[in-house]
Structure formats: structure tokens, C-alpha cells
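Values below: every heavy atom of this structure, side chains too, minus hydrogens, waters and symmetry copies.
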Amino acid sequence: GLRTLGEIAILCGDAELAAGFLREYCDFLDGRGARAFLSTAAPRLGRMLWMLGRIDEAERRARQGRELGDEQDVATQTLWRQAQALVLAARGEHGEAESLAREAVAINERSDALVPWGESVCDLAEVLNAAGRTDEAAAAFDYATELFERKRAVAMVAQVRERLAALRSGTPSS
């Protein structure tokens with residue numbers, strides 16, 4: 001379905017395509033009142049919107065996840081924090097951004113799901129990079145790479161290595 005197509009697009013590194021599929025999926029869920037699924041899908045879409053520079057829309061999706069999400073739903077609780085952290089970092093609110101990003105990492109660390117954990121570490125890296133803390137960002141990207149390698153998530157390893165190379169060469173982030 002649409003969610004799977006969105007996840008495939010994420011693995012391919014195509015944020016625009018992923019956002020399109022995830023937006024359709026969110027609309028589908030919203031139309032059916034499927035709040036539990038929407039609470040996870042919305043901030044997932046928010047991360048893609050951040051990548052595309054659509055900060056206000058990304059924040060709306062993060063907020064949707066926060067408002068709809070169950071406290072015990074690990075995916076929702078991490079994803080809304082990640083999306084909101086990226087939004088705050090883009091606006092220069094670095095302290096709050098880092099706090100949220102670190103909370104997301106801590107929640108994922110306890111759940112031990114390597115891919116979401118790795119993604120949350122990548123988002124922390126982006127937050128640190130936005131604050132000009134390049135060395136810490138690079139270390140976080142390295143750690144995310146280790147997590148993805150443990151899961152044998154080859155596509156994610158390639159994306160992080162590309163991001164790390166851009167960081168080290170001084171290329172601005174997306």
C-alpha cells in the first residue's frame with residue numbers, strides 16, 4: 001500500500017516521492033478516523049517535509065503526531081520528537097531541538113529497534129550540525145552507521161555515508 005511505497009522511497013533517498021506517498025497515506029487514514037496509525041504516519045511525513053524545506057508543514061505533522069499519539073506508542077513518541085526537533089533546529093532553536101532529539105534517541109535505545117534508533121541518531125546529527133557542532137554531528141552519523149550496519153540496512157548505511165561525506169566536505173545540509 002501507500003505506506004510501503006513511502007518507506008521504499010525513503011530507502012531510495014527520494015524525499016519528494018516519499019512525502020507524496022506518505023501524504024496520501026495520511027489522508028487515507030484521516031478519512032477513516034484511524035488515529036493510532038495517523039499519529040505515527042504524520043510525523044514520519046514531517047521528517048520528509050523537513051528534508052524538502054517545508055518547515056511549517058513539517059511542524060503541523062509533528063504536532064499532529066504529538067496530539068494523536070498514545071504515550072505507550074514508541075514509534076509515535078519518537079517520530080513526533082524527531083520531526084519537531086528538526087523543525088526547531090531549522091528555526092535556530094538549538095537547545096530545545098537537541099533536547100527533543102536526545103529524548104527520541106533515548107526512547108529508541110530502550111526499544112532496541114535498530115533502524116528507528118539509527119534514524120533518530122541521524123536526526124540528532126542533523127540537529128547538532130544545524131547548531132554548528134560539526135564534530136559531534138559526524139560522531140552521531142558514525143554511530144547511526146554502526147546501528148544500520150548491525151541491522152544490515154544497506155540502503156540506510158549508504159545514505160548516512162553520503163550525508164557524512166557532505167558534512168565533512170562542508171556542503172550544507174538539505
Side-chain angles (χ1 to χ4, degrees), residues 6-7 9-23 25-26 38-69 73-109 111 113 115-145 147-148 153 155-156 159-167 170-174:
E7 292 301 321
I10 290 169
L11 287 174
C12 293
D14 191 332
E16 190 77 58
L17 191 61
F21 285 128
L22 291 173
R23 184 178 284 105
Y25 181 55
C26 286
L38 183 58
S39 71
T40 304
R44 189 90 173 124
L45 170 58
R47 289 179 74 246
M48 294 302 106
L49 293 166
W50 167 82
M51 285 182 189
L52 298 168
R54 297 180 199 155
I55 305 305
D56 291 344
E57 198 181 345
E59 183 168 44
R60 281 195 300 277
R61 295 302 186 164
R63 190 175 294 129
Q64 193 175 25
R66 182 179 192 171
E67 288 166 2
L68 296 176
D73 182 343
V74 170
T76 297
Q77 292 305 321
T78 55
L79 285 166
W80 81 253
R81 283 173 170 83
Q82 289 167 239
Q84 186 63 38
L86 293 166
V87 164
L88 291 169
R91 292 187 179 145
E93 296 173 43
H94 301 299
E96 199 181 335
E98 185 181 351
S99 292
L100 279 176
R102 288 194 185 280
E103 282 174 27
V105 171
I107 295 166
N108 273 320
E109 210 167 13
S111 80
V115 171
W117 185 4
E119 286 182 345
S120 65
V121 173
C122 283
D123 290 348
L124 172 60
E126 295 292 359
V127 165
L128 293 167
N129 187 44
R133 292 157 63 187
T134 315
D135 291 346
E136 289 171 81
F141 278 129
D142 280 334
Y143 183 46
T145 303
L147 294 168
F148 290 137
M156 300 308 289
Q159 285 180 33
V160 179
R161 285 197 176 133
E162 194 176 304
R163 191 63 200 90
L164 199 46
L167 184 77
T171 308
S173 66
S174 45

By side chain to side chain contact (heavy atoms under 4.5 Å, CB included) - contacts of [X] (at least two apart):
X	result
Glu162	none
Thr40	Asp73, Ala75, Thr76, Leu79
Asp123	Arg47, Gln82, Leu86
Glu96	Leu88, Glu93

Between [X] and [Y], is any pair of side-chain heavy atoms under 4.5 Å apart?
X	Y	answer
Arg81	Ile107	yes
Leu147	Met156	no
Ser120	Thr78	no
Leu22	Arg61	no
Arg63	Val87	no

If I take atom [atom1] from residue [X] and atom [atom2] from residue [Y], how far apart are they, to the nearest 0.5 angstrom?
X	Y	atom1	atom2	answer
Phe21	Asp14	CZ	CG	9.0 Å
Asn129	Cys122	CG	SG	12.0 Å
Trp50	Glu126	CH2	CD	4.0 Å

Exercise for the section: Could you list the residues that satisfy side-chain hydrogen bond (donor to acceptor under 3.5 Å, both in side chains) with Trp80, not counting sequence neighbours? Expected result: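 Trp80 satisfies side-chain hydrogen bond (donor to acceptor under 3.5 Å, both in side chains) with Gln77 once adjacent residues are dropped.
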Under 3.5 Å donor-acceptor pairs involving side-chain atoms of residues 134-142, not counting sequence neighbours:
residue : atom : partner : partner atom : Å
Glu136  : OE1  : Arg133  : NH2          : 2.7
Glu136  : OE2  : Arg133  : NE           : 2.9
Asp142  : OD2  : Arg168  : NH2          : 3.3

Exercise for the section: Please report the closest heavy-atom contact between Arg102 and Leu124, naming both atoms and the distance. Expected result: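 Looks like NH1-CD2, 3.6 Å.
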Handout entry: Ion pair check, Glu16 and Arg54, cut-off under 4.0 Å
Key =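 Looking at Glu16 and Arg54, the cut-off is met.
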